[in-house]
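Reading through the structure tokens given below for one structure.
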Amino acid sequence: MKGKISIAIDGPAGAGKSTIAKLLARRLGIVYIDTGAMYRAAALEAIRRGIDTTDAERVARMIEEVDISIKLDRNEQAVQLGGENVEHLIRTPEVSIGSSNVAVVPNVRKKMVQLQKEMAESQSVVMDGRDIGTRVLPEAELKIFLTASVEERARRRYGQLSEAERADISLSEVERDIKYRDFNDANRECDPLRVAEGAIFIDTTGKSIEEVVDNILDHAEEVLGQKLK
Ligand code: CDP
């Protein structure tokens, strides 16, 4: 692929963002950045410190002291919390809910957005999250909004859990957690989840991953004026 490009992918939990963004980045030979991992790392730190993730004041103070960054290794990312790779600790239901809670705090968002903008300055990226097309990369060459029915999103998330994890949580609890995050993410004051201006809206309900990636590549070919497939 010629030139520098930014691709923004937003949407609610379980819409297929990370799987699709990863495949897309691989096809284009560019970096994939999962911004949700940074909010998850912030939530993990709050939980470790015994801070209630809904306590906005304490979370705002905590974020001033923590060092969250993304390390890239052969285009694969690993989120770092004070230099510790916490990628394998941040996908639990407790951290998922916590990440949505800390993500309403303006100071948290300010810090994360700044870091994310810096990462996209020097290289081509596919970045996924909730506010990428609206706040982090409003000038992105390609903006995608992915969604799917809440039932399908819950089924997908449940399917990604290990057997041990499934012993602890039911499908209906996963759906309840997703609805909680959907509400939080769409209704917070600071940079809520919205379809960005100029974004291509794709409902992935009943669609295969390949179908969606193919569709996005068609759009990418159009905006870049290059053959990618
Ligand atoms: O992968 P999934 O869609 O379940 O969530 P995620 O992308 O890992 O994000 C976890 C949480 O972080 C979301 O529920 C949002 O509350 C928050 N988030 C955000 O506010 N802004 C972003 N750019 C990315 C995530």
Side-chain angles (χ1 to χ4, degrees), residues 8-10 13-14 17-19 21-23 25-26 30-132 135-137 157 160-169 174 177-178 180-181 184-185 188 190-191:
I9 303 188
D10 290 302
K17 296 185 304 291
S18 61
T19 310
K22 237 181 248 175
L23 285 171
R26 203 174 302 155
I30 63 178
V31 164
Y32 161 58
I33 295 169
D34 164 15
T35 63
M38 300 171 74
Y39 294 91
R40 288 172 178 272
L44 177 66
E45 179 64 15
I47 294 165
R48 281 178 168 178
R49 292 188 187 200
I51 296 174
D52 177 352
T53 54
T54 63
D55 185 339
E57 253 176 54
R58 287 189 72 193
V59 169
R61 258 181 279 131
M62 177 203 82
I63 205 72
E64 300 303 325
E65 298 165 8
V66 296
D67 171 31
I68 293 170
S69 62
I70 285 188
K71 199 167 148 194
L72 295 166
D73 184 16
R74 272 172 282 134
N75 288 356
E76 282 284 312
Q77 77 159 44
V79 67
Q80 314 283 309
L81 185 55
E84 173 193 358
N85 179 351
V86 292
E87 198 64 47
H88 57 295
L89 298 173
I90 56 169
R91 309 282 162 196
T92 65
E94 189 191 11
V95 174
S96 296
I97 294 289
S99 62
S100 172
N101 290 334
V102 302
V104 308
V105 181
N107 277 9
V108 172
R109 306 206 65 81
K110 202 171 148 208
K111 186 162 173 174
M112 302 301 148
V113 168
Q114 174 71 27
L115 289 166
Q116 292 154 11
K117 278 178 184 280
E118 282 167 17
M119 280 186 276
E121 239 161 50
S122 54
Q123 58 197 336
S124 289
V125 294
V126 178
M127 204 176 255
D128 83 354
R130 302 291 188 286
D131 59 346
I132 310 306
R135 169 68 64 198
V136 182
L137 305 173
R157 263 302 131 86
Q160 288 167 342
L161 299 177
S162 67
E163 237 170 79
E165 286 167 329
R166 264 181 240 167
D168 284 340
I169 193 164
V174 170
D177 287 0
I178 283 184
Y180 173 87
R181 286 204 285 148
N184 250 358
D185 294 348
R188 65 177 174 233
C190 187
D191 295 336

Just distance, no hydrogens or angles: give the donor-acceptor pairs under 3.5 Å from side chains in residues 65-72, sequence neighbours left out.
| unit_1 | atom_1 | unit_2 | atom_2 | d |
| --- | --- | --- | --- | --- |
| E65 | OE1 | R49 | NH1 | 2.7 |

Identify the heavy atoms of A120 and V125 that sit nearest to each other, and give their distance.
CB-CG2, 3.8 Å
Among residues at least two apart in sequence or on other chains, which ones pass side chain to side chain donor-acceptor pair (under 3.5 Å) with E163?
none
Shortest non-hydrogen contact from A60 to N107?
CB-ND2, 4.0 Å
Looking at A41 and V86, what are the two nearest heavy atoms and their distance?
CB-CG2, 4.2 Å
Test your reading of the model: is there a side-chain donor-acceptor pair from D128 to the backbone of S18, 3.5 Å cut-off?
yes
Between the side chain of R109 and the main-chain N/O of V104, is any donor-acceptor distance below 3.5 Å?
no
With rounding to the nearest 0.5 Å, note down the distance linking OG1 in T92 to CG in D168.
10.5 Å
Side chains of I9 and V126: does their closest heavy-atom pair fall under 4.5 Å?
yes
Distance check, rounded to the nearest 0.5 Å: L44 atom CG versus R91 atom CZ?
11.5 Å
Within the structure provided, determine whether L161 and V174 are in side-chain contact (heavy-atom separation under 4.5 Å).
yes
Hey, are the side chains of R188 and R130 touching, using non-hydrogen atoms and a 4.5 Å cut-off?
yes
Side chain of R135, backbone of D191: donor and acceptor closer than 3.5 Å?
no
May I ask you to test the L89-E84 pair for a side-chain heavy-atom distance under 4.5 Å?
yes
Within the 4.5 Å heavy-atom criterion, are N101 and Y180 side-chain neighbours or not?
yes
Roughly how far, to the nearest 0.5 Å, is the OG1 atom of T54 from the CD1 atom of I97?
11.5 Å
Could you give the distance from NZ (K17) to OG1 (T35), rounded to the nearest 0.5 Å?
8.5 Å
If you count every heavy atom of other residues, nucleotides or ligands that lies below 6.0 Å from Q123 atom CD, does the total exceed 12?
yes
Which pair of non-hydrogen atoms, one from A21 and one from Y32, has the smallest distance, and what is that distance?
CB-CE1, 3.4 Å
Salt bridge (Lys or Arg N to Asp or Glu O under 4.0 Å) partners for R157, two or more places apart:
none
Say whether, by atom type as modelled, one donor and one acceptor occur between the side chain of E57 and the main chain of D55 under 3.5 angstrom.
no
To the nearest 0.5 angstrom, please state how far the CZ atom of R40 sits from the CG atom of L81.
14.5 Å
Please name the pair of heavy atoms, one in E87 and one in Q77, separated by the smallest distance, quoted to 0.1 Å.
OE1-O, 3.7 Å
Could you check M112, E45, K110 and say which one makes a side chain to side chain contact (heavy atoms under 4.5 Å, CB included) with I63?
M112
Which atom names give the shortest non-hydrogen contact between D177 and P93, and what distance separates them?
OD2-CB, 4.0 Å
To the nearest 0.5 Å, tell me how far I90 CD1 sits from D34 CG.
6.5 Å
